[in-house]
Amino acid sequence: MTNPAIIILSDAARPLADRLATHLGGEIHGAAGRCLDAPVRFEVAGPHLQALFREGRPIVALMAAGALIRILAPLLSDKSAEPPVVAVAEDGSAAVPLLGGHHGANDLARAIAAELGGVAAVTTAGDLRFGVALDAPPAGWRLDNPQDAKPAMAALVSGAHARLEGEAAPAADWLTTSRIPFALDGAVRLRASMEAGEPNAGELLYRPQSLVLGIGSERHAPAEEAIALAEATLAEAGVSPLALAAIASIDLKADEPAVHAVAAHFGVPARFFAAAELEAEAPRLATPSDIVFAETGCHGVAEGAALASVGTDGCLRLAKRKSRRVTAALAEAPRPLDAGRIGRARGRLSVVGIGPGGAEWRSPEVSDMVAAASDLIGYSLYLDLLGPLADGKTRHDFDLGMEEARVRHAMELAGKGRDVALVCSGDAGIYAMATLVFELLDKDGVSADARRIAIECSPGISALQGAAARAGAPLGHDFCTISLSDLLTPWDDIQRRVRAAGEGDFVIAFYNPVSRKRRTQLAFARDELLKHRPADTPVILATNLGRTGERLRVVPLSALDVDDVDMLTVVIVGSSDTRTVATGDGREWVYTPRGYAGKAGTGMAESPRKDNAA
């Protein structure tokens, strides 16, 4: 379950929210006017709660259940897609699962009640009376016909008995140990079977996920071919696709699109094994191959991966089948499988920008990536800025100056199958770590396992965007960014870029303007730009944006003093067109016009759509 959003409307509920955030790994969202230091702040509760609900985010709201119901009621349309929503009394006495009871809300309410010493007010009939929800089987099981669960549960609640049948019934202990009344002539039929076929009238058909399909393929084999062979293999074996627990292969294929296409087609994870692990299955292979051994280090990929997945008590249900560029084999375990314990996943590296650090400037996508990660890697300050979002994660802290070691460690850790978030301030692709990830790939600077990881980059609010927004609209026309650090860029190149930007009359955002040892570069830039633009050109000095100690100053270019700038300051120098304007409250704003006002009424103004098209 994604980390829940814990909603509070006043600081009076903050102590309780802090306990729940720690216990549940949640993130506190508070009303802006009354919860001044909440990690995430919102102006109006209704739209914020509705946005969280639409995102599928679990909600724990320390507020009146009636108010929460009225806010979310217009969004209720699909019971199967509703995230967990729990209303909690502000004194902790009750936790009421309102929505998503079969998707974790009931368990969430019980966890909250256990932590706070209150009561979980679970009202779902099946959970209360029988201890199970027939439309939400436990991990390792799938219901073939969920649309028929409601009348079956209604019949049981009304006093009917059930009977359990099917060749997989002995493994369905979640049913046999429940409080469901069973009888040989029970009217509600529950069948557990992996064999192919449609549900019979009046029964619920449960599929134990006891099968694993092993896949081998040539590099860049067509996804359509792999899916077709997989479907044909299951059809030949006479089994339901819903009985699949995973797709398995050799780790050499961890980045093979065809393998992942098959997994996505059946809605199961793809898992991978080292060649040595597959070679250990050689005595059990039906069709060992010396040719495959010469290429991969094991005598069979499809059969070996399937057998390694089901363990020593499992067996090969269907030996290797082959199409032109793909192989497939099917193995069966005696009981449903936990896919998370099969081999390892393809590792994932999420390169994320957290903006200045505060949750209010962090995108939901970044928060979701961090929440899903098993490991967080970054400069210690950046990890600290994540607050409760980092709770329960394995941290790998690095000092400044260890950028390459930091990125290589993240990639190698992901290469071991971990879900890693590489955390950067601002935007990860602007003077940050994303570039180094791809540079290491380009230069073969990491292991073969690390080269096969999945990589995702998610944008953050950069320092130049934050500074511009705080100051007004200085980036309203053409602009560029230049780093004044000569640690990675020769000083001659930096000088050339400053001169070119000055001659081109760009608005310029300077990153890394000064350091303790480097005091002359910003002075050079100032003096060079004074050759091309007026002395009173506005310069924005923005420090600690979005953090404690935030400070914004606007000075004329001629008065720019190096001693007023540090490494936590971004400097934006306007173009010759950049100007300031004061509002009635005495606030001075900086903007760079695009000419719209000057062209008004002349028919010369260009629409944003036309600009974008150009």
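Heavy atoms only: backbone and side chains are in, while hydrogens, waters and symmetry mates are out. Starting from 1, each residue takes its place in the sequence as its number.
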- Message: If I take atom CG from residue N145 and atom CG from residue D135, how far apart are they, to the nearest 0.5 angstrom?
- Response: 11.0 Å

Side-chain donor-acceptor pairs of residues 349-359 under 3.5 Å, sequence neighbours excluded:
none

- Between E412 and R418, is the closest basic N to carboxylate O distance under 4.0 Å? no

- Could you tell me whether a side-chain N or O of K393 sits under 3.5 Å from a main-chain N or O of A371, the two making a donor and an acceptor? yes

- Message: Which heavy atom of A168 sits nearest to which heavy atom of W141, and what is that distance?
- Response: O-CH2, 4.0 Å

- Mark yes when over 12 heavy atoms from residues, nucleotides or ligands other than L488 sit less than 6.0 Å from its CG; otherwise mark no. no

- Item | Minimal non-hydrogen separation, M63 against A67, with atom names | CE-CB, 3.9 Å

- Which atoms form the tightest heavy-atom contact between L242 and Q209, and what is the distance? O-CG, 3.6 Å

- side-chain contact (heavy atoms from CB on, under 4.5 Å) between L389 and S367: does it pass, once the steps are laid out? CA-CA 8 Å; L389 197 58; S367 292; 4.2 Å; yes

- R395 and D384: CA distance, side-chain angles, deciding distance, salt bridge (Lys or Arg N to Asp or Glu O under 4.0 Å) verdict: CA-CA 10 Å; R395 287 180 50 147; D384 290 341; 3.0 Å; yes

- Indicate yes or no: at least one non-hydrogen side-chain atom of V310 is less than 4.5 angstrom from one of R335. no

- Please answer whether the main-chain N or O of L175 pairs with a side-chain N or O of S178 as donor and acceptor at a distance below 3.5 Å. yes

- Query: Is any side-chain heavy atom of V565 less than 4.5 Å from a side-chain heavy atom of F510?
  - Reply: no

- Query: Roughly how far, to the nearest 0.5 Å, is CZ of F398 from OH of Y382?
  - Reply: 14.5 Å

- Query: What do the steps show when you test I28 against V40 for side-chain contact (heavy atoms from CB on, under 4.5 Å), and what is the final call?
  - Reply: CA-CA 6 Å; I28 297 174; V40 178; over 6 Å; no

- Message: Among residues at least two apart in sequence or on other chains, which ones pass ring pair (Phe, Tyr, Trp, His ring centres under 6.0 Å) with H396?
- Response: H409

- Message: Under a 3.5 Å distance rule, please check whether R346 uses its side chain to pair with a backbone N or O of R452 as donor and acceptor.
- Response: yes

- Message: In the structure I gave you, are the side-chain heavy atoms of S210 and P334 within less than 4.5 Å of one another anywhere?
- Response: no

- Message: Between I71 and Q50, is there a side-chain heavy-atom distance shorter than 4.5 Å?
- Response: yes

- Does the ring centre of F266 sit less than 6.0 Å away from the ring centre of H260? no

- Stepwise side-chain contact (heavy atoms from CB on, under 4.5 Å) check, L72 with V85: CA-CA 10 Å; L72 297 180; V85 177; 3.9 Å; yes

- Classify the side-chain pair S374/D419 by whether it contains a donor and acceptor separated by less than 3.5 Å. no

- Query: Taking the side chain from Y511 and the backbone from I430, do they hold a donor-acceptor pair closer than 3.5 Å?
  - Reply: no

- Note on the structure: Between the CD atom in E550 and the CG atom in L545, the distance rounded to the nearest 0.5 Å is 5.0 Å

- Message: For S10 and R34, which I'm curious about, is there any donor-acceptor pair between the side chains at under 3.5 Å?
- Response: no

- Item | Spacing of L400 atom CG and M567 atom CE [to the nearest 0.5 Å] | 8.0 Å

- List the atom of A467, the atom of A542, and the distance in Å for their closest heavy-atom pair. CB-CB, 3.6 Å

- Could you tell me whether the side chain of R406 and the main chain of G378 form a donor-acceptor pair under 3.5 Å? no

- Item | Rounded distance (nearest 0.5 Å) linking atom CG of L190 with atom CG of L156 | 7.0 Å

- Query: Does one side chain, of D449 or S447, offer a donor that lies under 3.5 Å from an acceptor on the other?
  - Reply: no

- Flag the pair L475 / L464 as yes when at least one side-chain heavy-atom distance between them is below 4.5 Å, and no otherwise. yes

- Message: Treating E115 as the side-chain partner and I112 as the backbone partner, does any N or O pair qualify as donor plus acceptor under 3.5 Å?
- Response: no

- Any chance CZ of R341 has more than 12 other-residue heavy atoms, nucleotides or ligands included, within less than 6.0 Å? no

- Task: Would you check if the side chain of R57 reaches a backbone N or O of N3 as a donor-acceptor pair within less than 3.5 Å?
- Result: yes

- Message: Could you tell me if D427 and S462 have a donor-acceptor pair between their side chains, going purely by distance under 3.5 Å?
- Response: no

- Strictly by modelled atom types, are E256 and S249 linked by a side-chain donor-acceptor pair under 3.5 Å? no

- Heavy-atom closest pair (L68 atom, L49 atom, distance to 0.1 Å) is CD1-CD1, 3.9 Å

- Item | Validation row: L52, E55 side chains within 4.5 angstrom (heavy atoms) | yes

- Would you call the rings of H48 and F42 parallel, tilted or perpendicular if under 30° counts as parallel and over 60° as perpendicular? parallel

- Message: If you compare all heavy atoms of R344 against all heavy atoms of D251, which two are closest, and at what distance to 0.1 Å?
- Response: NH2-CB, 3.5 Å

- Task: Would you kindly say whether T176 and D173 are connected by a side-chain donor-acceptor distance under 3.5 Å?
- Result: no

- Any ion pair linking R587 and D585 (charged N to carboxylate O, less than 4.0 Å)? no

- Please round to the nearest 0.5 Å and tell me the distance separating atom CZ of R14 and atom CG of D37. 4.5 Å

- Under the side chain to side chain donor-acceptor pair (under 3.5 Å) criterion, do N512 and S485 qualify, and how do the steps go? CA-CA 6 Å; N512 307 312; S485 172; 5.0 Å; no

- Hey, does V420 have a side-chain heavy atom less than 4.5 Å from the side chain of R348? no

- Task: Test side-chain contact (heavy atoms from CB on, under 4.5 Å) on E27 and R362 and set out the steps.
- Result: CA-CA 13 Å; E27 183 178 57; R362 187 172 65 230; 2.5 Å; yes

- Message: Quick one, T543 with R551, criterion side chain to side chain donor-acceptor pair (under 3.5 Å). Give me CA distance, side-chain angles, the key distance, then yes/no.
- Response: CA-CA 5 Å; T543 304; R551 186 183 180 197; over 6 Å; no

- Taking the side chain as C-beta and beyond, is there a heavy-atom pair between V122 and R110 under 4.5 Å? yes

- Give me the one residue out of I59, L62, V88 that meets side chain to side chain contact (heavy atoms under 4.5 Å, CB included) with I7. I59

- By side chain to side chain contact (heavy atoms under 4.5 Å, CB included) - contacts of L381 (at least two apart): Y379, L385, R547

